[in-house]
Amino acid sequence: GAGGKVIGNWARQWQESHTEGKDWYNCGSAHSEPLNANQKAGLGAWRRLQEAREQSLRARVAPHFLFNTLNSIKAQISRDPQAAEATLDRLASLYRQLLETAECATVPLREELAFVEAYLGIEKARMGARLTVDLDVPEELEDCPVPPLSLQVLVENAVKHGVAPL
């Protein structure tokens, strides 16, 4: 679908823009001269800023998402115990991945997609038929390195702003 193409293009651009010696601020454009010392220092500072933002994001994801998910599980327990168990399994998987990637600068796109799929499964439990998703990412991009949680931010915003309220 269109979402898979956007993710695929984003992953290609991110990989190209984060290759040493590339003009990192032009996202892999035709201008790709080697970096000078000042540009390398700037790149290092930019990467440290990105790491700080990612750490901040990890801290923010935890409280509100956990609260919402636990409320969803509570509602499912009496109505559909198997669905509650599946949501709890997804939540455990999601937090396991958060812990495993806490110190990683990048992860393979396939791992980021698994994280997003777990996240979307939890959101689907909350939203039901109002949320439909079709991930279509080319296989050749699955090993592409991306920052952890980078797709989650895009997907969370898409869910928040693209799904009709009750």
Side-chain angles (χ1 to χ4, degrees), residues 1-22 24-28 35 40-73 83-127 131-163:
K5 290 177 185 168
V6 169
I7 291 171
N9 289 338
W10 172 86
R12 275 191 201 97
Q13 287 178 347
W14 192 91
Q15 183 179 32
E16 290 170 2
S17 70
H18 288 75
T19 304
E20 275 307 312
K22 293 283 185 184
W24 60 273
Y25 51 83
N26 273 333
C27 294
L35 299 176
K40 286 181 183 179
L43 178 58
W46 182 81
R47 284 186 176 157
R48 287 189 296 280
L49 175 64
Q50 291 303 106
E51 289 169 10
R53 285 181 180 158
E54 289 167 14
Q55 288 174 348
S56 172
L57 176 63
R58 283 186 184 100
R60 270 196 340 233
V61 165
H64 83 278
F65 182 72
L66 180 60
F67 177 78
N68 291 339
T69 303
L70 290 175
N71 280 330
S72 294
I73 293 169
E85 186 176 342
T87 302
L88 194 54
D89 287 342
R90 286 187 199 97
L91 181 64
S93 171
L94 196 117
Y95 275 88
R96 184 178 317 108
Q97 287 176 278
L98 273 175
L99 292 172
E100 290 172 355
T101 62
E103 302 299 319
C104 298
T106 63
V107 296
L109 180 59
R110 92 177 80 64
E111 289 180 24
E112 184 70 3
L113 289 170
F115 185 88
V116 165
E117 287 173 349
Y119 170 80
L120 287 169
I122 291 169
E123 291 292 40
K124 179 100 172 120
R126 286 183 49 224
M127 297 181 185
L131 178 64
T132 58
V133 178
D134 179 31
L135 290 176
D136 182 24
V137 179
E139 248 183 77
E140 64 268 13
L141 295 178
E142 289 182 354
D143 291 324
C144 179
V146 297
L149 299 178
S150 54
L151 291 181
Q152 192 276 337
V153 173
L154 298 171
V155 170
E156 182 178 6
N157 282 331
V159 169
K160 181 178 177 182
H161 299 290
V163 176

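Throughout, residue positions are numbered sequentially from 1 according to the sequence presented. Predicted, not measured: the structure shown is a model, and the values here were computed from it.
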Closest non-hydrogen atom pair, Ile73 against Leu91: CD1-CD2, 4.3 Å
Exercise: identify the closest heavy-atom pair between Ala105 and Pro148: O-CD, 3.3 Å
Nearest atoms (heavy-atom pairs only) where Glu111 meets Gln97: O-NE2, 3.3 Å
Between CD on residue Glu140 and CG on residue Leu109, distance to nearest 0.5 Å: 11.0 Å
Glu142, CD: over 12 other non-hydrogen atoms inside 6.0 angstrom: yes
Side-chain heavy-atom pair Val159, Met127 within 4.5 angstrom cut-off: yes
Closest contact, heavy atoms only, Leu113 versus Leu151: CD2-CD1, 3.8 Å
Steps toward side chain to side chain contact (heavy atoms under 4.5 Å, CB included) verdict (Val133, Val116): CA-CA 11 Å; Val133 178; Val116 165; over 6 Å; no
Main-chain N/O of Leu66 paired with Thr69 side-chain donor or acceptor, under 3.5 Å: no
Polar side-chain atom of Lys124 near backbone of Leu131 as donor-acceptor pair, under 3.5 Å: yes
Spacing of Leu88 atom CG and Ser72 atom OG [to the nearest 0.5 Å]: 11.5 Å
Pair Arg96-Ser93, side chain to side chain contact (heavy atoms under 4.5 Å, CB included): steps then yes or no: CA-CA 5 Å; Arg96 184 178 317 108; Ser93 171; 3.9 Å; yes
Side-chain heavy-atom pair Thr106, Val146 within 4.5 angstrom cut-off: no
Heavy-atom pair with the smallest gap, counting every atom of Gln152 and Tyr119: NE2-CE1, 3.5 Å
Heavy-atom closest pair, residues Thr87 and Ala125: OG1-CB, 3.5 Å
From Thr101 atom OG1 to Glu112 atom CD, the distance as rounded to the nearest 0.5 Å: 7.5 Å
